[in-house]
Amino acid sequence: MARALITGITGQDGLYLAELLLGKGYEVYGLIRGQNNPKREMVEATVPGVKLLTGDLTDFSSLVRALNVAQPDEVYNLGAISFVAYSWENASVTSDVTGKGVLNILEAVRLYAGDDVEKVRFYQASSSEMFGKVQEVPQRESTLLWPRSPYGVAKVFGHYMTINYRESYGMHASSGILFNHESPRRGFEFVTRKVTAAVARIKLGLQEDVTLGNLDAKRDWGFAGDYVEAMWRMLQQDRADDYVVATGETHSIGELLDIAFTHVGIEDWAPYVKQDPRFMRPAEVDLLIGDPTKAHEKLGWERKVDFPGLVTMMVENDLREQADLAGK
Ligand code: NAP
Ligand code: G4F
């Protein structure tokens, strides 16, 4: 039975990846941080087969201990401070976790594997946020990186460190440059979930409007359940490599609002949407669109859920969830 260790098990991708690996018969370990993490119960209820180990990406010895217990064939490093807006106000801790945390786990894996350098296959959760002030449209694996946020800068460090461990030590270390991916498990701080939860609450009469930041931003949005499949496929290749995972389409916040509001029968969303500079960023990534050709050709990966399907899936989930919460 193959064994895997996932950091970031309490997050959106950690849960989908754990479900995928459990379904394939893996023994799955998840790293959970903090002395009484409030998400522990949710993880135990959602993916009951996962064995939880305590540890933190900033604590090297906790990673070594987790590796010794889990004895994994595959390590998926999904743990990070992942909210871009937060990273300006918390740049130092973002660098420690999202950047240096990658070095910590790479080094822990290298020491754990010893002479048998390919004993463990490693996945790093890199991000389209690394493209920042985009130098090419669409963005591909070779596009020059120009991050625009402390989060993006930390991800660039982790990305190049992963490549460096592959080239220096021969580690089977791959980096997935994933474009935005969303789901009913997305955190409420991200714009898609903020919108779908608000639309559901407006429809149910629980909220009057929603306040957003930059409505001109465009993203290449896919479904998280599709994207974890690409992570797993990367680690099944004979050679480690880097891959862009994206839909190849870009959509604006306006299109997101159109689909979400229309789905609950509201054609004109303007009266329900306010703007506040509070949600604007000091520097913005305006146009993200990925070229997933390499992932299609080498991994045989294809997305299954399109943008309208994703948004309506999230609105439907939030209608149920918000009605339950309100006792309706
Ligand atoms: P997420 O829902 O925000 O989950 C982040 C995870 O990291 C959580 O489990 C969190 O644990 C954990 N974490 C935070 N600080 C940690 C620390 N010091 N040590 C260990 N774990 C820590 O993120 P996601 O959407 O699932 O994304 C997974 C990964 O892919 C992240 O690295 C993210 O940056 C990257 N990524 C995401 C996207 C996207 O669109 N979703 C796109 C490209 C790349 P707690 O719950 O305890 O805070
Ligand atoms: O949903 P977002 O916060 O996602 P963002 O910044 O693109 O980051 C996500 O995707 C990255 C991949 O490129 C990941 F690496 C990262 O970990 C994370 O998962 O914001 C999307 C866009 C931005 O342009 C933002 O300015 O939406 C715009 N936006 C407009 N109003 C808003 C809001 N974003 C948020 N969070 N909240 C708003 O009210």
Side-chain angles (χ1 to χ4, degrees), residues 11-13 15-16 19 39 42 45-46 82-86 128 178-229 245-281 284-290 292 302-328:
Q12 169 188 258
D13 292 6
L15 293 171
Y16 281 111
E19 278 173 349
K39 295 186 193 153
M42 176 277 291
T46 311
S82 76
F83 186 35
V84 174
Y86 176 91
S128 54
L178 270 53
F179 282 61
N180 295 51
H181 45 280
E182 321 292 313
S183 73
R185 291 174 177 160
R186 189 57 145 151
F188 290 93
E189 65 273 40
F190 300 98
V191 75
T192 51
R193 190 75 195 279
K194 185 173 171 180
V195 165
T196 61
V199 166
R201 289 176 60 79
I202 289 166
K203 176 67 182 174
L204 294 166
L206 300 168
Q207 185 173 325
E208 288 186 353
D209 47 41
V210 58
T211 305
L212 300 174
N214 175 15
L215 301 187
D216 296 327
K218 289 185 157 188
R219 288 291 186 277
D220 180 330
W221 277 298
F223 171 52
D226 289 345
Y227 284 38
V228 298
E229 170 83 28
V245 180
T247 69
E249 289 171 14
T250 192
H251 298 277
S252 64
I253 308 268
E255 289 171 81
L256 165 67
L257 291 164
D258 282 341
I259 297 171
F261 275 103
T262 305
H263 191 65
V264 299
I266 299 172
E267 297 296 328
D268 178 15
W269 47 259
Y272 300 98
V273 177
K274 297 195 163 39
Q275 263 187 300
D276 191 317
R278 207 156 43 102
F279 297 111
M280 304 282 189
R281 298 177 178 184
E284 184 59 278
V285 172
D286 283 321
L287 176 60
L288 282 178
I289 175 163
E302 298 285 342
R303 66 105 185 252
K304 297 190 182 77
V305 178
D306 64 9
F307 183 61
L310 171 65
V311 178
T312 53
M313 176 204 301
M314 292 175 69
V315 173
E316 283 295 322
N317 171 79
D318 283 329
L319 284 168
R320 279 192 303 273
E321 211 172 280
Q322 294 297 329
D324 279 354
L325 283 172
K328 288 205 173 199

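Treat the numbers as computed from the prediction; the structure is a model and nothing was measured.
Side-chain atoms of Asp220 come within 3.5 Å of backbone N or O of Gly248 as a donor-acceptor pair. In this structure a side-chain-to-backbone donor-acceptor pair under 3.5 Å is present from Gln275 to Gly213. No donor-acceptor pair closer than 3.5 Å links the side chain of Lys218 to the backbone N or O of Ile289. Judged by distance alone, the side chain of Arg193 and the main-chain N or O of Pro184 form a donor-acceptor pair under 3.5 Å. No donor-acceptor pair closer than 3.5 Å links the side chain of Asp209 to the backbone N or O of Tyr272. The closest donor-acceptor contact from the side chain of Lys203 to the backbone of Val264 lies under 3.5 Å. A donor-acceptor pair is defined here as one N or O able to donate and one able to accept, closer than 3.5 Å; no such pair exists between the side chain of Asp276 and the backbone of Phe279. Under the 3.5 Å distance criterion, the side-chain polar atoms of Thr262 are left unmatched by any main-chain donor or acceptor of Ile259. Without hydrogens or angle criteria, Asp318 side chain to Val199 main chain gives no donor-acceptor distance under 3.5 Å. Judged by distance alone, the side chain of Thr192 and the main-chain N or O of Glu182 form no donor-acceptor pair under 3.5 Å.
The aromatic rings of Tyr16 and Phe223 stand perpendicular to each other, their planes meeting at an angle above 60°, with 30° marking the opposite boundary.
Between Glu19 and Val228, every side-chain heavy-atom pair lies at or beyond the 4.5 Å cut-off. Taking the side chain as every heavy atom from C-beta outward, His263 and Glu316 approach each other to under 4.5 Å. Residues Leu288 and Thr250 form no side-chain contact, since every pair of their non-hydrogen atoms from C-beta on lies 4.5 Å or further apart. At least one side-chain heavy atom of Leu257 sits under 4.5 Å from a side-chain heavy atom of Leu212. The shortest side-chain heavy-atom distance between Tyr227 and Asp13 does not fall under the 4.5 Å cut-off. Counting heavy atoms from C-beta outward, Asp268 and Phe261 have side chains that stay 4.5 Å or more apart. Glu208 places none of its side-chain heavy atoms less than 4.5 Å from the side chain of Lys274. Proximity of Val195 to Val315: side-chain heavy atoms (C-beta onward) are nowhere separated by under 4.5 Å.
Interatomic distance, NE2 of His251 versus CG of Asn180, reported as 12.0 Å (0.5 Å rounding). Annotation: the span from Thr196 atom OG1 to Met314 atom CE amounts to 4.0 Å, rounded to 0.5 Å. Put simply, NZ on Lys39 and OG1 on Thr46 are 11.5 Å apart, with the number rounded to the nearest 0.5 Å. Atom OG of Ser183 is separated from atom CG of Leu310 by 8.0 Å, given to the nearest 0.5 angstrom. One finds the OG atom of Ser82 at 6.5 Å from the CD atom of Glu189 (value rounded to the nearest 0.5 Å). Note that the CZ atom of Phe179 and the CH2 atom of Trp221 stand 13.5 Å from one another [nearest 0.5 Å].
Using modelled atom types and a 3.5 Å distance limit, the side chains of Gln12 and Arg185 yield no donor-acceptor pair.
When all heavy atoms of Pro292 and Gly290 are compared, the closest pair comes out as CD-O, 3.4 Å.
The pair Arg219-Glu284 meets the salt-bridge criterion, with a side-chain N (NZ, NE, NH1 or NH2) lying under 4.0 Å from an Asp/Glu carboxylate O.
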> Could you walk me through whether Val311 and Leu256 pass the side chain to side chain contact (heavy atoms under 4.5 Å, CB included) check?
Replying inline: CA-CA 7 Å; Val311 178; Leu256 165 67; 3.9 Å; yes
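Within the cation-pi definition used here (under 6.0 Å to the ring centroid, within 45° of the axis), Arg186 qualifies as a partner of Phe190.
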